[in-house]
Participant: 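Structure provided below as structure tokens; questions to follow.
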Amino acid sequence: MSAIRQDAWSDEDDLILAEVTLRHIREGSTQLSAFEEVGERIGRTAAACGFRWNSFVRKKYEAAIQIAKAQRQKRTQLKKHAAVSISGSTSIGLLDNPELSQGKSESFTEETLSIDAVIRFLRQWRSTYQDMNRHIKSLEKELQDKEDELDRLGRENNKLNKQVNEVETDYRVVNDDYKALIQIMDRARKMAFLVEEEEEEKPRFKMDANGNLERVD
């Protein structure tokens with residue numbers, strides 16, 4: 001029975017989970033079987049492995065999952081083609097051999113397969129394999145393009161963040177200068193008012209017709 005662990009998932013644990021799950025998908029197995037296998041290997045429950053896969057790891061391997069599903073489909077097609085080829089060859093052998101057609105089919109061996117059927121099967125398999133490789137390469141290229149685009153967007157985001165930080169810094173400097181200017185203007189205005197008040201408070205004199213100074217109120 002798998003032990004229940006409370007520690008955090010490591011990168012190695014995530015990699016094991018991804019590799020085993022993708023292998024089970026390719027082979028046509030169930031994800032539950034994959035989670036049970038992973039749980040045995042890293043000492044976690046299958047439920048914990050399933051939760052980790054669906055909540056985090058799966059998102060990082062969407063392209064690989066599609067490739068694994070394509071490989072599974074091709075494997076299924078190959079098995080069907082092989083079954084059809086063997087079935088056809090068996091029918092031919094039964095028609096050519098009356099003893100086999102009279103209930104002795106249990107003695108059927110690989111020698112009853114015709115060379116043409118084998119060649120036809122191998123050609124079909126090669127064509128399917130080539131198609132699968134082209135599909136895989138196409139998916140790999142698409143994945144690489146997505147990664148390049150993500151990298152480009154990351155660099156552009158960093159550049160924009162840097163510009164935003166520079167603008168915020170400039171704004172703070174300008175705002176501080178503006179506040180300092182307002183304070184200087186306020187002090188100058190107050191000083192001007194004080195000078196005007198002092199001028200008004202000083203006594204004023206004028207000279208009369210006799211040349212004497214008299215105060216003007």
Side-chain angles (χ1 to χ4, degrees), residues 1-91 105-106 108-154:
M1 181 176 179
S2 300
I4 299 177
R5 293 170 50 180
Q6 301 297 329
D7 55 313
W9 283 76
S10 64
D11 293 338
E12 183 179 358
D13 292 341
D14 287 341
L15 183 60
I16 293 173
L17 176 59
E19 290 178 347
V20 174
T21 304
L22 290 173
R23 171 165 55 80
H24 277 260
I25 293 175
R26 285 195 301 270
E27 295 175 355
S29 180
T30 63
Q31 292 187 8
L32 178 59
S33 299
F35 301 152
E36 291 175 349
E37 179 180 340
V38 175
E40 291 293 333
R41 290 180 58 178
I42 65 176
R44 296 181 185 273
T45 64
C49 296
F51 180 80
R52 180 66 175 178
W53 170 259
N54 291 316
S55 64
F56 179 75
V57 179
R58 181 189 184 104
K59 301 173 184 177
K60 300 170 59 177
Y61 292 90
E62 289 295 342
I65 292 172
Q66 297 303 320
I67 294 174
K69 289 181 178 180
Q71 291 174 335
R72 179 183 63 191
Q73 184 177 2
K74 295 300 180 182
R75 287 167 63 95
T76 302
Q77 292 176 353
L78 287 175
K79 290 180 180 179
K80 290 181 179 179
H81 291 161
V84 171
S85 299
I86 294 174
S87 176
S89 300
T90 303
S91 300
S105 59
E106 65 275 3
F108 167 72
T109 61
E110 292 182 357
E111 283 76 10
T112 60
L113 287 174
S114 67
I115 299 298
D116 290 339
V118 173
I119 293 174
R120 182 169 60 252
F121 168 74
L122 291 176
R123 287 176 176 174
Q124 291 175 345
W125 183 87
R126 182 179 64 180
S127 176
T128 302
Y129 179 77
Q130 291 174 345
D131 291 341
M132 182 176 64
N133 278 342
R134 284 193 293 269
H135 184 63
I136 291 174
K137 290 180 179 179
S138 175
L139 290 176
E140 289 177 345
K141 184 179 183 303
E142 182 178 353
L143 176 61
Q144 184 62 45
D145 292 341
K146 295 295 184 183
E147 290 178 349
D148 293 342
E149 179 67 12
L150 182 61
D151 184 60
R152 184 188 67 80
L153 291 175

Participant: Nearest 0.5 angstrom please: Thr45 OG1 to Glu40 CD, how far?
Facilitator: 11.0 Å
Participant: Less than 4.5 Å apart, side chain to side chain, heavy atoms only: is that true for His24 and Gln31?
Facilitator: no
Participant: Enter the distance from Ile136:CD1 to Leu143:CG here, rounded to the nearest 0.5 Å.
Facilitator: 13.0 Å
Participant: Can Arg152 and Glu149 be counted as an ion pair, charged N to O under 4.0 angstrom?
Facilitator: yes
Participant: Just say parallel, tilted or perpendicular for the rings of Phe35 and Trp53, cut-offs at 30° and 60°.
Facilitator: tilted
Participant: Atom CD of Gln73 and atom CE of Met132: how far apart are they, to the nearest 0.5 Å?
Facilitator: 11.5 Å
Participant: Evaluate the side-chain proximity of Lys137 to Arg134: yes if any heavy-atom separation is below 4.5 Å, no if none is.
Facilitator: no
Participant: For atom CG of Asp148, decide whether the heavy atoms of other residues, nucleotides or ligands shown that lie under 6.0 angstrom number more than 12.
Facilitator: yes
Participant: Nearest 0.5 angstrom please: Leu78 CG to Gln71 CD, how far?
Facilitator: 11.5 Å
Participant: Measure across Ile42 and Cys49 and return the closest heavy-atom pair with its distance rounded to 0.1 Å.
Facilitator: CD1-SG, 4.4 Å
Participant: Show the nearest heavy-atom pair for residues Tyr61 and Val57, with the distance to one decimal.
Facilitator: CD1-O, 3.2 Å
Participant: Taking atom CD of Glu142 and atom CD of Glu147, what is their separation to the nearest 0.5 Å?
Facilitator: 11.5 Å
Participant: Val38 and Ile16: which non-hydrogen atoms are nearest, and at how many Å?
Facilitator: CG2-O, 4.2 Å
Participant: Do you know which two heavy atoms are closest between Ala68 and Ile25, and how far apart they sit?
Facilitator: CB-CG2, 3.8 Å
Participant: Indicate the atoms forming the closest heavy-atom contact of Glu62 with Lys59, along with that distance.
Facilitator: CG-O, 3.8 Å
Participant: Testing the 3.5 Å rule here: is there a donor-acceptor pair between the side chains of Thr128 and Asp131?
Facilitator: no
Participant: Answer whether the closest heavy-atom distance between the side chains of Thr21 and Arg58 falls below 4.5 Å.
Facilitator: no
Participant: Evaluate the side-chain proximity of Arg23 to Glu37: yes if any heavy-atom separation is below 4.5 Å, no if none is.
Facilitator: yes
Participant: Grab the two heavy atoms, one from Ala46 and one from Glu36, that are nearest each other, plus how far apart they are.
Facilitator: CB-CG, 3.9 Å
Participant: Drop me the distance from Arg52's CZ to Asp13's CG, to the nearest 0.5 angstrom.
Facilitator: 8.5 Å
